[in-house]
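Bear in mind that the values here come from a model prediction, so they are computed numbers and not experimental data. All residue numbers refer to positions in the sequence shown, counting from 1.
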Amino acid sequence: MFLYKAVMTDPAKAGISPESLGYIDGVMQRAIDEKVMKGMVTLVARKGKIVQLKAYGHADEGVPMREDAVFRLASMSKTVGAAALMQLFDRGLVMPSDPVSEYLPGFHKTRVASIDPTGCISLEEPEREITIHDLLTMRSGITPINRAYEIMDPVKIFCADRYREAGIIDTMHPLNETIGDVCDRLAGLPVASQPGSRWDYSNLSSIVLGRVVEIVSGQDLLSYLKDHIFDPLEMEETTFFPDSRLYDRIPAVFACGSMERLDGLDVPGTDDTQLARGPSKKYYNIAAGLHGTILDYYHFTEMLRCGGTFRGRRVLSRNAVDLMTRNHIGRERTYLYGHGWGYMVNVQEEVNTMFNYMGHGSYGWHGYWGSVFNIWPEKDMTAIMISQVSPVLPSWKPQERFLNVVAGSLV
């Protein structure tokens, strides 16, 4: 395991205040004491030097959390998928401006749902086709299934119902089908807004991107990621379905607040805490399905921080990293977080009180089960925190406090 190759650096030598960095302990202990989280692992690095790597709390009842825990990465998988797509961009095989129908012809039939003043919903021709750029920026118009009901938007609910009728599930579940099967059924179904007009966070947009990677590369997504991302970045224990030998290192998921252990296979359409142990292992859900250690993910963030290189190996061009990490949605802001959006990363362009990342120009994203990563290029800093807890509002606060402490530790 590469975890034990991690070399720790004295924080002071990296321009980090050891005293300020020590505040992380208090933030994590508070989250545990308040029953917001059961356990977590944190990592802080500056200029490629790890200055903090620590496990807190418990992975399960009576089982201490360990630094090499194999976590459910959930939506932190999306950024890996975007990097895979941008590798094909580097090779001139895919352009952000390409229509999705160039790779999945069924999307040429996509129509846009709209509602008139009387509440009647109809389908109209799109002003233009959905592009790869639209998928990467979450402005494809493809809406999430469950959240459409949460916000009670009639158009989104209409589209979500059509997806459900087609047997599409957009959550974490070990489906007995491939992402190609899902994309074939999704192609041609209605979208909830004109392509490029509105940011709408959707797992299905990432699933379609993953399928494009398969079509263009000629490999299944797991094989592609292993050959072109995991192996070059020494992400030795990152995959969709960990080997059974790693099961004892996968933390349990706990309910934020009650600390009830969330067990068993949930019904399809909800979020499955036992995804790794599911009966089917062929649905490569790049929207939310990767598992891996914090050090593995740190290797991925180091590649981004270093403009596409890792330990002398180029994985992405600097141009591709620049495209991924700039704001592409203008003055529009992501709901809940209030920042700009790049290619599967949140971009902080201004001071914001909805959710504070490390500083101006920093970027990163979250995972459904209580995790976050953030890279601050201007200060050469990286921070990662991974936990496994139900995704409710209180679980965000430890993430925000953690990033605030890390930003404040810079000398």
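Checked for salt-bridge contact, Arg185 and Glu177 meet the test: a charged N lies under 4.0 Å from a carboxylate O.
In Arg314, the CZ atom is crowded: over 12 heavy atoms of neighbouring residues, nucleotides or ligands sit closer than 6.0 Å. Open room surrounds NZ on Lys35; 12 or fewer heavy atoms of other groups in view lie less than 6.0 Å from it. Counting heavy atoms of neighbouring residues, nucleotides and ligands inside a 6.0 Å radius, atom CZ of Arg313 exceeds 12 of them. Within 6.0 Å of NE2 on His108 lie no more than 12 heavy atoms contributed by other residues, nucleotides or ligands. Summarising the local packing, NZ of Lys49 is surrounded by 12 or fewer heavy atoms from other residues, nucleotides or ligands at distances under 6.0 Å. Heavy-atom contacts from other residues, nucleotides or ligands closer than 6.0 Å to CD of Glu165 number more than 12.
Under the 6.0 Å distance and 45° angle rule, Arg211 does not count as a cation-pi partner of Tyr103. Taking the ring centre of Phe158 as origin, the terminal cationic atom of Arg162 falls inside the region bounded by 6.0 Å and 45° from the ring axis.
Between the side chains of Thr110 and Glu129, no donor-acceptor pair of N or O atoms lies under 3.5 Å.
Between Trp199 and Trp341, the angle of the ring planes goes over 60°, which puts this pair in the perpendicular group of the 30/60° scheme.
Asp227 places no side-chain N or O within donor-acceptor distance of the main-chain N or O of Tyr224, the cut-off being under 3.5 Å. For Tyr247 (side chain) and Ala276 (main-chain N/O), a donor-acceptor pair under 3.5 Å exists by modelled atom type. Thr273 places a side-chain N or O within 3.5 Å of a backbone atom of Leu262 that can act as its donor or acceptor partner. Although no hydrogens or angles enter the test, the distance criterion places a donor-acceptor pair under 3.5 Å between the side chain of Arg46 and the main chain of Lys379. Using a distance-only test at 3.5 Å, with no hydrogens or angles considered, a donor-acceptor pair links the side chain of Gln399 to the main chain of Ser395.
For Tyr357 and His339, the ring centers are positioned less than 6.0 Å apart. For Tyr343 and His328, the ring centers are positioned less than 6.0 Å apart. Aromatic ring centres of Tyr201 and Trp365: separated by under 6.0 Å.
Closest non-hydrogen pair, Ala31 versus Pro398, comes out as CB-CG, 3.7 Å. Counting all heavy atoms, side chain and backbone alike, Met381 lies closest to Ser409 at CE-OG, 4.2 Å.
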Item to check | Test log, rule ring pair (Phe, Tyr, Trp, His ring centres under 6.0 Å), inputs His291 and Phe71 | outcome: CA-CA 5 Å; His291 295 69; Phe71 289 99; over 10 Å; no

